[in-house]
Q: 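Sharing a structure, written as structure tokens. Questions coming.
Keep in mind that the numbers below use all heavy atoms, side chains included, and drop hydrogens, waters and symmetry copies.
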Amino acid sequence: MGEGAGSWTGPGGLRVRAVRLSGAHRVLAERAGVLGHSAFLVTRNGALVGRGYYPSVESLAEVVDLAELHTR
């Protein structure tokens with residue numbers, strides 16, 4: 001994945017990244033109840049937002065205002 005591809009920023013240090021669920025990402029996502037091959041990782045100033053990993057745009061939209069996101 002190239003720089004900026006699958007990566008967005010929002011207000012107040014919000015960052016959203018599309019990540020492959022392997023290694024540490026898989027372990028943390030499974031602890032958050034997210035299974036599959038990929039997910040959205042959401043952080044604010046480096047700390048996880050909510051459960052941190054979201055399996056779909058629909059679940060992401062429950063915690064993030066998608067209209068405020070901008071590509072990096």
Side-chain angles (χ1 to χ4, degrees):
M1 208 178 274
E3 179 65 30
S7 182
W8 303 268
T9 59
L14 184 70
R15 289 192 173 194
V16 177
R17 285 185 49 208
V19 296
R20 293 180 206 267
L21 295 183
S22 62
H25 282 301
R26 178 171 296 284
V27 171
L28 293 172
E30 286 178 356
R31 288 187 65 197
V34 177
L35 305 174
H37 299 289
S38 62
F40 295 99
L41 172 61
V42 183
T43 61
R44 183 178 306 278
N45 297 321
L48 294 177
V49 172
R51 62 183 176 174
Y53 290 86
Y54 299 87
S56 66
V57 172
E58 292 80 12
S59 64
L60 176 64
E62 293 175 7
V63 295
V64 172
D65 183 352
L66 301 179
E68 293 184 340
L69 296 179
H70 304 279
T71 56
R72 289 178 55 182

Q: Would you mind reporting whether Leu14 and Leu69 have side-chain heavy atoms less than 4.5 Å apart?
A: yes
Q: Can you find a heavy atom in the side chain of Leu28 that is under 4.5 Å from one in the side chain of Leu21?
A: no
Q: Of all the heavy-atom pairs spanning Pro11 and Glu68, show the shortest one and how long it is.
A: CG-OE1, 3.3 Å
Q: Tell me whether Val63 is reachable from Val57 by hopping between hydrophobic residues (I, L, V, M, F, W, Y) whose side-chain heavy atoms are closer than 4.5 Å.
A: yes
Q: Above 12 or not: heavy atoms from other molecules or residues under 6.0 Å from CZ of Arg51?
A: yes
Q: For Arg26, is the CZ atom crowded, meaning more than 12 foreign heavy atoms sit under 6.0 Å from it?
A: yes
Q: Keeping to residues at least two apart or across chains, list the side-chain hydrogen bond (donor to acceptor under 3.5 Å, both in side chains) pairs with something in residues 34-43.
A: none
Q: For Leu60, which residues count as a side chain to side chain contact (heavy atoms under 4.5 Å, CB included) partner, sequence neighbours excluded?
A: Val16, Phe40, Val42, Tyr54, Val64, Leu66
Q: Heavy atoms only: give me the nearest Ser7-Arg17 pair and the separation to one decimal.
A: OG-CG, 3.9 Å
Q: Distance from Arg31 atom CZ to Tyr53 atom OH, nearest 0.5 Å?
A: 11.0 Å
